[in-house]
Amino acid sequence: MTDQPAEQNSPIHNLLKDTQPSTPSINRRRFLQSTSLATVASASMMLAGCNNDNDDNHNTAQVSFLHGVASGDPLADKVILWTRVTPVSSGSSLDVDWQIASDNAFNTIINKGTSKTNGGQDYTVKVDATGLQPNTPYFYRFICGGVTSPIGKTKTLPVTNVNQVKLAVVSCSNYPAGYFHAYADIAKRSDVDVLLHLGDYIYEYGRHTIDDQGKTVPAYASSHAAQLKREVIPVEELLTITGYRLRYAQYRTDKDLQAVHAAMPMIAVWDDHEISNDTYKAGAENHQSNEGDWNQRKMDAMKAYHEWMPTRNSVMTQIYRSFDFGNLLSLHMLDTRVIARDKQLDYNNFLVKDANGQLTLDSAKFTAAMQDTSRQMIGLPQQNWLAGQLQTSKSTWQILGQQVVMGQMFIPALVLLNFMNPALGVDAVTYLTLMQKAQTAPTTLTPQEQSMVQQLQQAPFIPYNLDAWDGYAVAREMIYGIANAMQKNLVVLAGDTHNAWANNLVNVKGEPVGVEFAVQSVTSPGFEEYLATVDPKQLAIGLPMLVKGGTLKWCDTSQRGYMIVTVTPEQCTSDWVFVSDITKPTYTSSVGKTMRVKVGEPYLV
């Protein structure tokens, strides 16, 4: 957003995800762009070298590999290798040699070649290294102008005799929010086959925002950034190819992110912040009319994403793809954001005043909008592709790697209204206390409490997050129908919310479909930032009681970290690993929760 101190209304899910940590409000904070041309100019040489000149001058003097190496999109016989060469000056074209070997001394080189790079691709290098053997570790490096890159380790996918696959799963890595301890911890592990990133690899926000009093304050999740020396570059919000490239370049100087990229292959999809908050097909909540053409911004962001990520992409806009780990599991990575998603519903558009002049939800109007069969999440082409992948797959497990929570999380409307505005509805603690009292000791209820309980029991349940699959219930039923018809063992992986969730997935008839493991963020704040007065332990106990149908089996809303998903022929298990304080340079880690699903039994144990 460009110089927009004014506020405007936003969907309620933003209150619970990406708003500023001040008094709960139904209003969206505007971000202030404190543009500094001097900062961008100096950073561009060190970080990004964003010159689009395709000069054929092959200058290879004094280059460096400031952004490490990475590998990704592994198959049984090939893998993408990535690096970025920082030239001594922009405008030159560079020849970069690459090697992949079976040993880290590079005595046995399996394949090698030379790739050309220049400012038109931000001096990044991506190579599809072929001729590899299945289920085999390899080492790789790049050489340019006599300078050798760090050595990376990667691994191909298996094709037969697969008894176990172990996936590390991450999401929502916000640089100014704190240290990337989750990445550091994963990099130390020797048991992980592939790292999955479910999106929000970067965030688009600038350094500052305007608060409710009109004051310039640190932007979203940036209150500790100056102290930690993690203020974002560039200073302003990302709107152009130059800005997106600079932000990726800054992230990739982080030692922990470099370490995890060098340690294992990554399979990634974008979420919204790689472009703009709450992206949908035709726009985004965080894209305003004075910020230029949306489609151009989107294409710039996607180009920078593919330049800086180890993805295998023949069509820039198409990121959905599948990976087979022998006959054990098929991993299907989806795009729930960019190519087909219709605009999110907004509770503000369904609020009306009741007979007492109090704001309430127009349930009939909201229900009609939710049941609109034309609203899309992934679109028919991607849906048909997924159906084909599920139908032809012979694997025991079908895993969907995607961005937003799929499990149904409907909570009482009065509680959600209270989240929006503390003057409305009923707070969660009062609700839970009264309902528990009504169940265990109904004779002790006062007349006033009895009246309130009756009101609470009659109130509808509505989605807490309209940006998730709950806001696209018809589209979700289509996915459930496909999975059920094919009798697949379905596991859904999700990120986006910054909190950890474990859901049983059921269709509109209440029939079990599969399970969902949703990962907490690497650094972005969870509910502890927005519900600061509520004890996180009490919230973790209370939320499964609030959610309709008992499908939410467990949650954690205050800790950062990652998941380890272990797949065997008998079961699929998730370990939620939590790291300690992300605002301190050292950390500890521990498994906070383990849940599993057994083959043929589509519910969590």
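Remark: L414 CG to M452 CE distance equals 9.5 Å, nearest 0.5 Å. With rounding to the nearest 0.5 angstrom, the CG atom of D556 is 5.0 Å from the CH2 atom of W554. Here CG of D575 is found 11.5 Å from NZ of K593. Values are rounded to the nearest 0.5 Å. D200 contributes atom CG, which lies 4.0 Å from atom CG of D271 (distance to the nearest 0.5 angstrom). Rounding to the nearest 0.5 Å gives a distance of 10.0 Å between CD1 of I80 and OG1 of T154. Interatomic distance, R312 CZ to F323 CZ, rounded to the nearest 0.5 Å: 7.0 Å.
Although no hydrogens or angles enter the test, the distance criterion places a donor-acceptor pair under 3.5 Å between the side chain of T444 and the main chain of A441. Checking side-chain atoms of T136 against main-chain N and O of P134 turns up a donor-acceptor pair under 3.5 Å. K298 places a side-chain N or O within donor-acceptor distance of the main-chain N or O of K281, the cut-off being under 3.5 Å. D335 places a side-chain N or O within donor-acceptor distance of the main-chain N or O of V338, the cut-off being under 3.5 Å. Put simply, the side chain of K166 never gets that close to the backbone of V565: no donor and acceptor are under 3.5 Å apart. For the pair Q458 (side chain) and Q455 (backbone), a donor-acceptor distance under 3.5 Å is absent. Remark: the backbone N or O of L466 is not paired with any side-chain donor or acceptor of D470 at under 3.5 angstrom. At least one donor-acceptor pair under 3.5 Å links the side chain of S393 to the backbone N or O of S395. At distances below 3.5 Å, not a single donor-acceptor pair connects side-chain atoms of S558 with backbone N or O atoms of P536. Looking at R476, its side chain never comes within 3.5 Å of a backbone N or O of V474 through a donor-acceptor pair.
M266 has its side chain within reach of H261: a pair of non-hydrogen atoms, C-beta onward, lies under 4.5 Å apart. Side-chain contact between D185 and Y587 is present, with at least one heavy-atom pair separated by less than 4.5 Å. Looking at heavy atoms from C-beta onward, I564 lies out of side-chain contact with L167 at the 4.5 angstrom threshold. Within the 4.5 Å cutoff, side-chain heavy atoms of L361 are placed close to those of I462. Side chains of L432 and L546 form a contact here, defined as non-hydrogen atoms less than 4.5 Å apart. Put simply, the side chain of T566 does not reach to within 4.5 Å of the side chain of V165, judged on heavy atoms. Annotation: side chain of P460 is not in contact with side chain of F410 (no heavy-atom distance under 4.5 Å). At a threshold of 4.5 Å between non-hydrogen side-chain atoms, the residues L328 and P569 count as touching.
A donor and an acceptor atom, one from each side chain of W469 and Q402, are located under 3.5 Å apart. With 3.5 Å as the limit, one finds no donor-acceptor pair spanning the side chains of N174 and Y220. Using modelled atom types and a 3.5 Å distance limit, the side chains of Y201 and S173 yield no donor-acceptor pair. No donor-acceptor contact under 3.5 angstrom links the side chains of N504 and T551, judged on distance only. Side chain to side chain, H332 and Q398 meet the donor-acceptor criterion of an N or O pair below 3.5 Å. Under the 3.5 Å distance criterion, with hydrogens and angles disregarded, no donor-acceptor pair is assigned to the side chains of D354 and Q358. Between the side chains of T568 and Q164, no donor-acceptor pair of N or O atoms lies under 3.5 Å. Under 3.5 Å, the side chains of E516 and N503 contain a donor-acceptor pair of N or O atoms. For the 3.5 Å distance criterion, the side chains of H273 and E204 qualify, holding a donor opposite an acceptor. In this structure, a donor-acceptor pair under 3.5 Å is present between the side chains of D346 and N348. For the residue pair T311 and Y305, no side-chain donor N or O sits within less than 3.5 Å of a side-chain acceptor on the partner.
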- Residues S524, Y203; criterion side-chain hydrogen bond (donor to acceptor under 3.5 Å, both in side chains); working and verdict: CA-CA 10 Å; S524 293; Y203 280 69; 2.8 Å; yes

- Query: Checking salt bridge (charged side-chain N to carboxylate O under 4.0 Å, His left out) for the pair D73/K78: CA distance, chi angles, key distance, verdict?
  - Reply: CA-CA 9 Å; D73 280 11; K78 56 187 174 182; over 6 Å; no

- Run the side-chain contact (heavy atoms from CB on, under 4.5 Å) check on I378 and I479 step by step: do they pass? CA-CA 10 Å; I378 66 173; I479 302 299; 3.7 Å; yes

- Steps toward side-chain contact (heavy atoms from CB on, under 4.5 Å) verdict (F527, T497): CA-CA 9 Å; F527 280 180; T497 68; over 6 Å; no

- Task: Start with the C-alpha distance between Q520 and N499, add both sets of side-chain angles, then the distance that settles side-chain hydrogen bond (donor to acceptor under 3.5 Å, both in side chains), and finish with yes or no.
- Result: CA-CA 4 Å; Q520 68 275 32; N499 304 295; over 6 Å; no

- Task: Take H306 and W270, measure what ring-ring contact (aromatic ring centres under 6.0 Å, His included) needs, and give me the verdict at the end.
- Result: CA-CA 10 Å; H306 287 303; W270 51 51; 5.5 Å; yes

- For D193 and K155, what are the C-alpha separation, side-chain angles and deciding distance, and is it a salt bridge (charged side-chain N to carboxylate O under 4.0 Å, His left out)? CA-CA 7 Å; D193 295 296; K155 186 180 181 182; 2.7 Å; yes

- Task: Might you work through the side-chain contact (heavy atoms from CB on, under 4.5 Å) test for F419 and V415, ending with a clear yes or no?
- Result: CA-CA 6 Å; F419 284 162; V415 174; 4.1 Å; yes

- Task: Report the C-alpha separation of K548 and M409 in whole Å, then their side-chain angles, then the decisive distance to 0.1 Å, and conclude whether the side-chain contact (heavy atoms from CB on, under 4.5 Å) test is met.
- Result: CA-CA 7 Å; K548 182 180 181 181; M409 284 200 276; over 6 Å; no

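For M435, the CE atom is densely surrounded, since the number of other residues' heavy atoms within 6.0 Å is greater than 12. Taking a 6.0 Å sphere around CD of E601, one finds it holds more than 12 heavy atoms contributed by other residues, nucleotides or ligands.
Salt-bridge check for R560 with E528: passed, with a basic side-chain N closer than 4.0 Å to an acidic carboxylate O. Ion pairing between R337 and D496 holds under the 4.0 Å rule for side-chain N and carboxylate O. Between D324 and K394, no side-chain nitrogen of the basic residue sits less than 4.0 Å from a carboxylate oxygen of the acidic one, so the salt-bridge criterion is not met. A salt bridge between D342 and R375 is absent, with no side-chain N of the basic residue lying under 4.0 Å from a carboxylate O of the acidic one. Between D191 and R189 a salt bridge is recorded (basic side-chain N to carboxylate O distance below 4.0 Å). For the pair K437 and E449, the salt-bridge criterion is met [side-chain N within less than 4.0 Å of a carboxylate O].
Relative orientation of the F517 and W576 rings is perpendicular, given thresholds of 30° and 60° on the angle between their planes.
A centroid separation of less than 6.0 Å is found between the aromatic rings of F350 and F366.
When every heavy atom of Y183 is checked against every heavy atom of H197, the shortest pair comes out as OH-NE2, 3.0 Å. Closest heavy-atom contact between N277 and E285: ND2-OE1, 2.8 Å.
Cation-pi check for R341 over Y280 is not met; the charged atom does not lie both under 6.0 angstrom from the ring centroid and within 45 degrees of its normal.
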